[in-house]
There are 2 protein chains.
Amino acid sequence: MTFGERIRELRLARNLTLREVAAEADINFTYLSKIENGKLDFSDFPSEKLIRKLASVLGGDVDELLLLAQKIPDGIRRRVLERPEAFSRFAALTDPQIDEVLRYIGSRVHSARTTPLS
Amino acid sequence: MTFGERIRELRLARNLTLREVAAEADINFTYLSKIENGKLDFSDFPSEKLIRKLASVLGGDVDELLLLAQKIPDGIRRRVLERPEAFSRFAALTDPQIDEVLRYIGSRVHSARTTPLS
DNA sequence: TCAATTGTTGACGTAGAACTGCAATCATCC
DNA sequence: GGATGATTGCAGTTCTACGTCAACAATTGA
């Protein structure tokens, strides 16, 4: 699932046309077409600002869209900047090790979510 | 310690002038002055590209400088994009919970670092 | 004393990313 | 067959992050 595919999916799920969504997002409908088809001239994705707007207009999840566009969600970014060393260590784990740590979190660490996943 | 302060520290530690470092980094020395003094017109920090160049020229740690400039180091970024859900959960932990998980990693997860901390 | 070196600052310039917009073309669907 | 919607190439325009320039201040050292 690419970013563009997801945008299209969200748009069609609401039975909206390119023109309708583009108008609400204050962009040109041809640009939206290019976004959905991954045919942007330079860069693979639109700006973070526009991604947020599209999420809002389409009722999509901002973080999901940001990730599809290879951008770091705010909640994670904030925490990385607060605890960089911790994240460096976590990032250095292999996939199975990450899974193991997640199981540990699930079993040992309770009421973990103090803030929404954002 | 701000980004600019650290840059200046690195530069002075090598007894280099603004002009010398700027020349090596292919920028104007007045721009470097602003960077060190946190006086950039817009944005608080130079581009990621320039940060890397400065790290190289000054022999500084890229990740340290990136973090001071509120940018996510590559190693972490890559892993976040690979395992977003895991990082969301990790990021949602409180500080003490993160510390607990780090202790767990230290005690249970061996040969964790398959790649450099980058 | 004055000139050489170094650093600071406000105003200004610019390249590239982000986005526009048209024209031509195609596909569907009543 | 025309109304509606989408695609795409290409040449704009806009915006701002990035960086320069010119003038000046501070310090050093002969």
Side-chain angles (χ1 to χ4, degrees), chain A residues 1-58 60 62 65-72 74 77 81, chain B residues 1-58 60 62 65-72 77:
Chain A
M1 170 76 59
T2 67
F3 176 77
E5 285 167 0
R6 184 70 183 123
I7 292 290
R8 170 150 297 174
E9 201 172 70
L10 289 168
R11 177 172 65 82
L12 295 181
R14 309 201 146 206
N15 280 317
L16 297 171
T17 66
L18 282 179
R19 285 159 227 262
E20 287 167 341
V21 171
E24 280 205 71
D26 289 313
I27 57 171
N28 193 282
F29 75 95
T30 65
Y31 187 47
L32 182 54
S33 172
K34 288 166 196 172
I35 288 170
E36 290 190 352
N37 291 290
K39 294 268 165 74
L40 295 190
D41 293 354
F42 312 99
S43 81
D44 295 335
F45 310 104
S47 68
E48 197 160 329
K49 195 173 161 191
L50 180 52
I51 292 174
R52 291 179 195 286
K53 201 159 199 174
L54 286 173
S56 149
V57 165
L58 294 170
V62 179
L65 292 176
L66 285 175
L67 284 167
L68 285 172
Q70 326 235 82
K71 301 185 196 291
I72 309 294
D74 286 342
R77 149 183 304 279
L81 295 179
Chain B
M1 169 76 61
T2 68
F3 176 77
E5 284 166 0
R6 184 70 183 122
I7 293 290
R8 171 150 295 177
E9 201 172 72
L10 289 168
R11 177 171 66 82
L12 295 181
R14 308 202 145 205
N15 279 316
L16 297 171
T17 66
L18 282 179
R19 284 165 171 88
E20 287 167 342
V21 170
E24 280 206 70
D26 289 312
I27 56 172
N28 193 283
F29 73 96
T30 65
Y31 187 46
L32 183 54
S33 171
K34 286 170 197 172
I35 289 170
E36 290 190 352
N37 292 291
K39 295 264 167 75
L40 296 190
D41 293 355
F42 313 98
S43 81
D44 294 336
F45 311 104
S47 68
E48 197 158 328
K49 196 173 159 193
L50 180 51
I51 291 174
R52 291 179 194 287
K53 203 157 197 176
L54 287 174
S56 149
V57 166
L58 294 171
V62 179
L65 292 177
L66 285 176
L67 285 167
L68 285 172
Q70 326 234 83
K71 301 185 195 292
I72 310 293
R77 146 182 313 275

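Proteins get letters first, then strands, A, B, ... in listed order; numbering begins at 1 in each. Below, each value reflects all heavy atoms present in this structure, side chains not excepted, and no hydrogens, waters or symmetry copies.
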Between the base of C:dG7 and the side chain of B:K34, is one N or O donor paired with an acceptor at under 3.5 angstrom? no
Less than 4.5 Å apart, side chain to side chain, heavy atoms only: is that true for A:L16 and A:L10? no
Take atom CG of B:L18 and atom C1' of D:dT27, then tell me their distance rounded to the nearest Å. 14 Å
When all nucleic acid strands are considered with a 4.0 Å heavy-atom cut-off, which category describes B:D44: base, sugar-phosphate, or nothing? nothing
Taking atom P of C:dT8 as reference, at what distance in whole Å does atom NZ of B:K39 sit? 8 Å
Could you tell me whether the phosphate oxygens of C:dG7, OP1 or OP2, come under 4.0 Å of any side-chain nitrogen or oxygen in B:R11? yes
Check whether the side chain of B:T30 and the base of D:dC21 form a donor-acceptor pair under 3.5 Å. yes
It should be established whether B:S33 places a side-chain nitrogen or oxygen under 4.0 Å from OP1 or OP2 of nucleotide C:dT8. yes
Check the distance between C:dG7's C1' and B:R19's CZ and give it to me in whole angstrom. 7 Å
Would you say D:dG19 has OP1 or OP2 under 4.0 Å from some side-chain N or O of B:N28? no
Which whole-number value in Å describes the distance from B:F42 CZ to D:dC15 C1'? 10 Å
Is B:S43 close enough to D:dC18 that one of its side-chain N or O atoms is under 4.0 Å from OP1 or OP2 there? yes
Before accepting this row, confirm whether a basic side-chain N of the pair B:R8/B:E5 lies closer than 4.0 Å to the acidic partner's carboxylate O. no
Calculate the interatomic distance between B:L40 atom CG and D:dT20 atom P; express it in whole Å. 12 Å
Does A:R77 reach the main-chain N or O of B:Q70 with its side chain, forming a donor-acceptor pair under 3.5 Å? yes
Over how many whole Å does the gap from A:D26 atom CG to C:dA18 atom C1' extend? 15 Å
Hey, are the side chains of B:L54 and B:L32 touching, using non-hydrogen atoms and a 4.5 Å cut-off? yes
Atom-pair distance (OH on A:Y31; C1' on D:dC10), nearest Å: 16 Å
Is B:F45 touching bases, backbone alone, or none of the nucleic acid, heavy atoms closer than 4.0 Å? sugar-phosphate
Check this for me: does any side-chain nitrogen of one of A:R11 and A:E36 sit under 4.0 Å from a carboxylate oxygen of the other? yes
Heavy-atom nearest nucleotide on DNA chain C taken for B:D41 and for B:F29; more 5' hit belongs to B:F29
Value in whole Å for how far the P atom of C:dA17 lies from CD of A:E48: 17 Å
